[in-house]
Amino acid sequence: MSTPEPRVLRYVEALREATDLAMAADPSVFLFGLDVDDHLGIQGSTKGLQQKYGPDRVFTTPLSEDAMTGLAIGAAMAGLRPIHVHIRMDFLLLCMNQLVNIAAKARYMWGGQVSVPLVVRSMIGKSWGQGAQHSQGLHALFMHVPGLKVVAPANAHDAKGCLLAAIADDNPVIFMEHRLLYPTETPVPEGAYAVPPGRARLCTRGDDVTIVGVSNMVQEAVRAAALLAEAGIAAEVVDPVWLRPLDVDTIVESASRTGRLLVVDNGWTTCGASAEIVAAVVERTSETAGIRIRRLGFADTTCPTSPWLEADFYPTPRRIAEAAATLVHPERPPRLPEATRSASIQFRGPF
Amino acid sequence: MASTLEERLYRSMKRIRRFEEVTAEIYPSDRIKSPIHLAIGQEQAAVAVCDLLEEGDWVGGSYRSHAMYLAKGGSMAEIMAEMYGKATGCCGGKGGSMHVISTAAGVIGSSAVVASQIPVAAGYALAARQAGRGRVVAVFLGDGATEEGCFYETLNFAALRRLPLLFVVENNGLAIHEPLAKRRAVPDGICRVAEALGVPSTRIADGGLHAIRDAAEAAVSALRAGTGPQLIEALVHRRRQHVGPDEDYDQGYRSRAEAEPWIESDPLPRLAARLAAEPRRRIDAEIEAEIAAAVRFAEDSPPPAPEGLFADVYA
Ligand SMILES: Cc1ncc(C[n+]2csc(CCOP(=O)(O)OP(=O)(O)O)c2C)c(N)n1
């Protein structure tokens with residue numbers, strides 16, 4: 001008897017399936033946010049759910065992110081489990097006061113008597129002129145704050161498992177998605193399962209260099225690892241999956257073994273997730289471990305819309321591979337094959 | 001020869017309409033790699049209000065600001081080049097369609113986070129009042145933007161400090177695909193919110209160009225006299241997708257029947273009918289020539305130099 005082909009889902013379908021399962025299992029779960037009920041349904045990730053669960057449990061809102069975040073927090077404290085959706089992470093800046101001053105602190109400042117089981121979904125945009133205000137990866141702002149959890153699933157399997165874990169979590173979870181991940185596919189088990197906080201994933205194995213990727217940069221790092229393999233360099237790509245709490249142990253173990261650590265973030269490096277990851281590794285390894293370290297992230301500037309300028313804004317598989325190769329062979333980095341075969345997925349507009 | 005009011009309005013509206021139609025025609029070629037939010041069908045508020053503004057007055061708006069930019073006198077070649085991502089664009093290729101500016105023409109930068117332009121425009125109004133030369137600011141916003149807290153906050157402060165700020169609500173009844181009735185318990189209550197905060201308001205239910213212009217004329221002269229902010233709400237109709245070049249009446253969230261009265265009352269053919277054949281032909285020819293030159297300029301312009309990526313992060 002042959003084993004059946006595993007079922008494959010796109011990231012966006014995995015998000016939808018997780019929401020559907022959670023809503024079916026628990027009537028306190030509800031889904032809201034601008035445009036969750038229109039015919040596009042947040043690229044399909046919320047499609048059909050209002051028909052299935054009704055307008056009391058799935059609904060759009062006025063353009064009022066600040067108040068709607070506070071409302072979600074109150075509903076969560078009162079016993080419901082809201083999932084609040086935003087089509088861009090940039091718009092979370094309008095929610096910041098409620099998220100940082102209330103959601104993150106409610107349990108602590110009110111003496112452990114309340115909890116805020118809230119999931120805030122948002123999507124990072126990239127390319128096709130997303131520009132300054134539609135492209136930001138702001139996870140570091142949230143990682144900074146005790147009381148918040150932050151997760152950045154980088155494939156369809158984890159999108160489903162992390163969303164189910166986030167919904168089940170009794171704390172506010174910033175759930176970070178990426179527009180370019182939405183069409184990507186992996187095997188996704190049917191039924192409910194959790195990809196719980198604090199466990200990183202090894203995406204490729206290798207003893208020459210550790211590459212930690214965040215969000216979409218996991219995919220770019222895996223493409224870089226393919227280039228490196230052709231040049232005889234075995235890269236171990238680590239996906240932290242959850243950024244807070246962060247599984248430092250897995251990264252420390254890998255980096256101690258390879259002696260080289262490259263962290264590639266889907267955000268800026270200054271005060272960013274990469275700074276936190278590197279600092280955590282350095283603090284936990286002895287000074288004599290001598291791990292060589294590099295970071296890559298968004299260029300230290302605002303995201304431009306012009307494709308010619310944007311081309312230099314993001315880490316690419318080739319740039320990642322070059323940085324990794326230089327860590328391995330600082331004097332004479334090997335020639336890498338052309339990157340065309342592992343080029344990044346391109347996105348065509350209008351949005 | 002100074003052009004008549006009718007000629008001015010026709011030229012302004014036709015110029016915007018044709019500019020956006022040509023933009024939509026170019027779009028499938030992928031030479032414009034930018035989300036585009038077209039104003040086709042709802043150009044009249046920008047046309048009417050900007051007709052009353054002078055050099056030295058300012059306008060601000062959202063990601064849907066081609067009309068405002070052109071009506072206030074922004075360079076067509078530069079906005080086209082901006083959409084192409086070229087070095088000669090009005091933001092040097094760093095802003096795209098959603099972020100346009102013309103300091104020369106008094107267009108303060110447009111912003112793509114809904115409602116974020118409103119308090120910024122109030123800041124310009126504060127500066128205008130302090131300069132004391134009767135300058136005014138008009139800020140354009142959609143109905144959706146009136147649901148954000150900063151709309152309320154800015155109305156209140158502008159009234160409190162009597163800022164020379166004209167709020168122009170271009171109410172197309174939709175925020176992306178969500179109709180007003182799903183977002184407001186009192187869908188026609190925007191003016192009353194403003195009134196309650198001390199901002200005199202006028203609602204133009206049929207989106208008529210001349211009615212908007214009449215209301216704006218009274219409002220702008222009051223603003224120049226220093227009596228404080230005003231609001232005009234114009235009901236209008238967006239004919240294309242929220243974002244993108246096409247019509248989308250087949251998508252199920254609205255019907256073509258809803259569009260028909262608006263197409264029927266489209267100010268553009270009415271303006272055209274009021275002009276004699278001769279100035280009209282001349283104006284049309286000038287507009288087509290300007291558009292063709294703008295496209296050529298955009299296509300022939302160089303891309304931004306790579307080192308520009310790091311320029312202007314700081315002043
Ligand atoms: C703060 C914020 N929330 C959400 C969005 C996503 N968004 C972009 S346009 C839009 C609808 C705005 O509608 P309206 O203000 O009526 O303007 P219109 O598009 O009709 O011109 C939304 C929700 C955004 N850009 N900014």
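Just so it is clear, the structure is predicted and the values come from calculations on it, not from any experiment. Lettering follows sequence order; numbering is per chain, from 1.
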J.: Answer with side chain, backbone, both or neither: which region of B:Ser111 has an atom nearer than 4.5 Å to a non-hydrogen atom of chain A?
T.: both

J.: For B:Ala305, is it the side chain, the backbone, both or neither that has a heavy atom under 4.5 Å from a heavy atom of chain A?
T.: backbone

J.: Quick check on A:Leu94 against chain B: is it the side chain, the backbone, both or neither that has a heavy atom closer than 4.5 Å?
T.: side chain

J.: Could you check whether any side-chain heavy atom of A:Thr305 comes within less than 4.5 Å of a side-chain heavy atom of B:Met83, counting everything from C-beta outward?
T.: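 With C-beta onward as the side chain, the pair stays apart.
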
J.: Going from CG on B:Asp312 to OG1 on A:Thr302, what distance comes out if it is rounded to the nearest 0.5 angstrom?
T.: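 If I round to the nearest 0.5 Å, the distance is 10.0 Å.
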
J.: Could you tell me which residues in residues 62-73 of chain A have at least one non-hydrogen atom under 4.5 Å from a non-hydrogen atom of chain B, sorted by residue number?
T.: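 The list, in residue order, reads A:Pro62, A:Leu63, A:Ser64, A:Glu65.
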
J.: Got B:Glu147 and A:Thr61 here, is their nearest side-chain heavy-atom distance under 4.5 Å?
T.: no

J.: Quick one: does B:Lys94's side chain get under 4.5 Å of A:Leu309's, heavy atoms only?
T.: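 Side chain of B:Lys94 against side chain of A:Leu309, heavy atoms only: contact under 4.5 Å found.
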
J.: Distance check, rounded to the nearest 0.5 Å: B:Glu178 atom CD versus A:Phe59 atom CZ?
T.: 12.0 Å

J.: Can you confirm whether A:Asp300 sits close enough to B:Val313 that some side-chain heavy atom of one is under 4.5 Å from a side-chain heavy atom of the other?
T.: no

J.: Is it the case that over 12 heavy atoms from other parts of the model lie below 6.0 angstrom from the NZ atom of A:Lys105?
T.: yes

J.: Are B:Val113 and A:Arg88 close enough, and set up right, to give a side-chain contact (heavy atoms from CB on, under 4.5 Å), and what steps lead you there?
T.: CA-CA 10 Å; B:Val113 176; A:Arg88 283 292 177 275; over 6 Å; no

J.: Which atom names give the shortest non-hydrogen contact between B:Gly85 and A:Pro307, and what distance separates them?
T.: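 Minimum heavy-atom contact is CA-CD, 4.5 Å.
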
J.: If you draw a 6.0 Å radius around NE2 in A:His39, do more than 12 non-hydrogen atoms from other residues or ligands fall strictly inside?
T.: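 Count over threshold, so yes.
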
J.: Give the ring-plane orientation class for B:Tyr27 versus A:Trp128, where under 30° counts as parallel, over 60° as perpendicular and anything between as tilted.
T.: perpendicular

J.: Taking atom CZ as the centre, does B:Phe157 end up with more than 12 heavy-atom neighbours from other residues, nucleotides or ligands that are less than 6.0 angstrom away?
T.: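 Yes - once you tally the heavy atoms of other residues, nucleotides and ligands closer than 6.0 Å, there are more than 12.
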
J.: What part of A:Asp312 lies closer than 4.5 angstrom to a heavy atom of chain B: side chain, backbone, both or neither?
T.: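 When you check distances to chain B, atoms from both the backbone and side chain of A:Asp312 fall under 4.5 Å.
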
J.: If you count heavy-atom pairs under 4.5 Å between each of B:Gly144, B:Gly89, B:Ser97, B:Gly96 and chain A, which one has the most?
T.: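 Most heavy-atom pairs within the cutoff with chain A belong to B:Gly144.
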
J.: When heavy-atom pairs shorter than 4.5 Å are enumerated against chain A, which of B:Glu148, B:His99, B:Arg183, B:His242 gives the highest number?
T.: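 Most pairs with chain A among the choices: B:Glu148.
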
J.: Are any non-hydrogen side-chain atoms of A:His134 and B:Met98 less than 4.5 angstrom apart?
T.: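 Touching, per the 4.5 Å side-chain cut-off.
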
J.: Could you measure the distance from the OH atom of B:Tyr253 to the CG atom of A:Asp35? Nearest 0.5 Å is fine.
T.: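 Going from OH on B:Tyr253 over to CG on A:Asp35, the span is 11.0 Å.
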
J.: Does any heavy atom of chain A fall under 4.5 Å from the side chain of B:His37, the backbone, both, or neither of them?
T.: neither

J.: Search all heavy atoms of A:Leu40 against all heavy atoms of B:His177 and return the closest pair with its distance.
T.: CD1-CE1, 3.5 Å

J.: Among the options B:Gly244, B:Ala112, B:Cys150, pick out the one with the most heavy-atom pairs lying under 4.5 Å from chain A.
T.: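 Most pairs with chain A among the choices: B:Ala112.
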
J.: Side-chain contact test, heavy atoms from C-beta onward, threshold under 4.5 Å: evaluate it for B:Tyr63 versus A:Gln133 and give yes or no.
T.: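 No - every pair of side-chain heavy atoms lies 4.5 Å or more apart.
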
J.: I'd like to verify something: which residue of B:Lys182, B:Gln241, B:Arg184 has the highest number of heavy-atom pairs under 4.5 Å with chain A?
T.: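 Highest number of heavy-atom pairs under 4.5 Å: B:Lys182.
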
J.: Is there a side-chain contact between B:Leu309 and A:Pro304, using heavy atoms and a 4.5 Å cut-off?
T.: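 Yes. Closest side-chain heavy atoms under 4.5 Å.
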
J.: Tell me, for B:Ile32 versus chain A, whether the close heavy atoms (under 4.5 Å) come from the side chain, the backbone, both or neither.
T.: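 Backbone only.
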
J.: Quick one: CG on A:Leu93 to OG on B:Ser116, what's the gap to the nearest 0.5 Å?
T.: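 Answer for the CG-OG pair, A:Leu93 versus B:Ser116, is 11.0 Å.
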
